[in-house]
Amino acid sequence: MNLNGVQDQLPPPTTGQQRDHSEPVAVQFCQPFVPQVLRQQMMLDSTLWWLFRGTLIAMACLAAFEAVYLQATPESGLSLLFLVFAIGWAVYGLITARVARQLPQITELIAVDPQQAEAMLATALRRWPLQRSVRLMLYHRLAILRCRSERFAETATICQAVLIYPLGQARVIKGHLLLMLTESRLYCRDLWGAWQALSSLHHCKLNVTESLQRTSLQTRYEVETGYDAMALEQLEQKIAMAELMPAPQCAAMHAMLATAARRREQTHIADWLQQRAWLLGTAEQLDRLWPRHHGDKIVNADELSA
Amino acid sequence: MAALDATSSAQQGHRLPNEQQVAQHLKNHSLRTPSRLIGLLPLIILVGVLLVALTVQHPLAVVLPWFALAGVLIKVHIRVRRLRHRQSELQKVQELSLQRRHREALDLAWQLLAGTTNLPQMHGHTIALIAHSLDQLKAYDSAIVAYSSLIDQLPQQYPGSLQLQIQRAIAQLQADHLVDADDTLRRQRHAVEAFANTIVSAGYQLARLIQQVRTNHFADAIGQAPTLLDDLRPLGIEAAYGHALMALSYLRLENNPTTNAQLWWTRATLLMPAGTLVNRFAELNSLWQADVLRESQRPFDPVAPL
């Protein structure tokens with residue numbers, strides 16, 4: 001099964017779906033995300049990191065030069081300087097390690113106790129100095145939290161701001177950031193933005209779960225923008241992929257494809273997909289994930305309903 | 001030597017490891033608590049070297065701390081790389097399992113276990129994947145051994161533990177260990193109530209249904225019918241097993257293909273091909289053979305002419 005992209009080329013939205021450049025980025029929460037703050041934090045972290053690295057190399061070179069050419073002894077003070085430097089490095093490492101250790105806990109809490117997760121994130125984000133990758137991972141978790149609480153405008157802002165920076169050791173989160181960005185823009189009805197994010201996703205190495213999410217988002221984009229024929233291409237493969245998704249997402253994917261099939265007047269397929277969607281997801285789940293399913297009446301529902 | 005035998009015999013032929021081999025493999029690669037001393041060793045070495053450098057009057061003492069620091073950094077780097085490699089291998093196993101390539105997932109997880117003995121979370125995850133793969137490959141007795149080993153390591157009321165206990169109960173039912181399965185399901189009855197409408201409660205309902213069918217309590221099984229559709233939804237397409245078992249219960253109780261049996265069989269075959277259902281539960285073969293129900297099967301062919 002080819003999980004790395006059902007289609008490599010995505011069409012942009014039609015002219016009737018122009019991007020609204022005047023749309024403000026709504027940030028209306030107690031701890032609003034401001035990209036400038038992230039920029040300042042990243043600059044400080046980077047400066048400290050390069051200062052540390054530069055000093056380390058310079059001191060090592062000086063020590064080697066003194067030892068080889070000047071036959072210097074420890075009275076030169078370099079060893080004491082090393083001690084000071086080692087303590088500074090240990091403090092820096094300890095703060096970073098402590099925050100990094102909290103990351104899995106924060107991820108778990110986002111699912112079960114978002115308030116506590118937000119409190120932990122707020123504390124962790126105030127720490128300084130932090131390694132760049134750890135800070136970016138914290139903002140990634142903040143984006144997940146906002147996405148879960150359906151604050152899609154803020155999610156998109158965070159994802160976009162984080163993706164500007166080289167992710168370095170945190171590059172594993174790139175795919176997920178792009179997925180959240182696509183989803184948020186789709187919910188905000190920013191179809192141009194969603195198209196751009198989806199295009200970036202096609203150049204990104206994704207794992208199986210992320211590939212499944214991308215397929216779902218791409219199908220949603222295609223159905224929302226009216227590219228029904230494209231949504232129904234390689235249908236068997238898409239259904240096989242949908243069956244690997246959690247039940248609500250699987251149901252939503254079926255409902256989206258059913259909408260596309262019905263609009264293409266492929267009634268047989270639409271009925272089959274709609275019936276499967278009904279078996280896989282509750283009405284509430286479908287309302288939340290694919291509100292348009294209301295337009296698709298289940299044909300032969302009496303065959304399935306007791 | 002025994003470990004080598006167990007590993008090689010499991011790896012070589014196409015035979016799956018039996019329960020003794022699984023038990024031996026898990027025993028040989030059991031979890032070892034990481035030593036605090038080994039964790040602190042780099043720091044101890046660094047401090048020791050620094051003290052030597054400050055006390056010894058020799059030009060080499062100037063560069064000695066730098067060599068020690070470089071050594072510690074290289075060691076940390078190697079350790080992080082090794083950990084990342086293990087994590088990527090575990091992710092690969094998860095992806096194989098998600099794609100239902102259970103034989104490959106089992107082989108890889110079997111090899112990976114040896115490298116995770118000092119990583120508690122990864123070790124548990126690897127055993128869970130071994131158990132799941134064995135279960136799906138119908139090596140039920142071996143799967144029970146792996147499930148039991150992991151369940152013993154986890155707190156009883158932990159959601160992950162509950163899910164594993166349910167999976168073990170299903171494997172026990174499949175292996176005809178009816179008393180053990182009954183004992184597990186009885187103990188979980190109240191604990192599962194806290195996880196309504198989740199995969200845990202859905203798994204429990206499926207286990208109950210399998211138990212009722214295996215013990216010929218078809219009337220009890222039918223008693224679940226009004227809520228079964230909602231109860232099993234979190235399982236996704238695997239809810240088809242429950243629907244098929246419900247159809248079988250109606251068929252056995254009324255001794256001829258009835259409307260209800262047809263209804264449930266239609267639901268089951270909408271989600272999963274009849275062959276897959278029969279492959280998992282051999283007793284469904286009689287249902288498949290029933291002429292009236294055969295007619296109600298509607299295999300999907302998206303390219304078929306309308």
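Throughout, a chain's letter reflects where its sequence line sits, starting with A, and its residues are numbered from 1.
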Report task. Find the distance between CD (Glu95(B)) and CG (Asn207(A)) and round it off to the nearest 0.5 Å. Result -> 5.0 Å
Requested in this report: Look up atom OG1 in Thr282(A) and atom CG in Asn197(B), then write down how far apart they are to the nearest 0.5 Å.
Outcome: 8.0 Å
Report summary line: Leu244(A) and Leu98(B) have their tightest heavy-atom pair at CD2-O, 3.1 Å
Report task. Identify the two heavy atoms, one from Trp278(A) and one from Arg233(B), that lie closest to each other, and give their separation to 0.1 Å. Result -> O-NH2, 2.7 Å
Query raised in the report: Between Arg276(A) and Leu270(B), what is the shortest heavy-atom contact and its length?
Result: NH1-O, 2.7 Å
Query raised in the report: Can you tell me how far the CG atom of Leu232(B) sits from the CG atom of Leu280(A), to the nearest 0.5 Å?
Result: 11.5 Å
Report summary line: Turns out that what part of Glu238(B) lies under 4.5 Å from chain A's heavy atoms comes down to neither
Query - Non-hydrogen atoms of Glu243(A) and Leu271(B) that approach each other most closely - result: OE2-O, 4.1 Å
**Report entry** Contact summary for Pro234(B) and Ala247(A), nearest pair of heavy atoms
**Finding:** O-CB, 3.9 Å
**Report entry** Arg100(B) atom CZ, over 12 foreign heavy atoms within 6.0 Å
**Finding:** yes
**Report entry** Separation of His254(A) NE2 from Ile237(B) CD1 (nearest 0.5 Å)
**Finding:** 8.5 Å
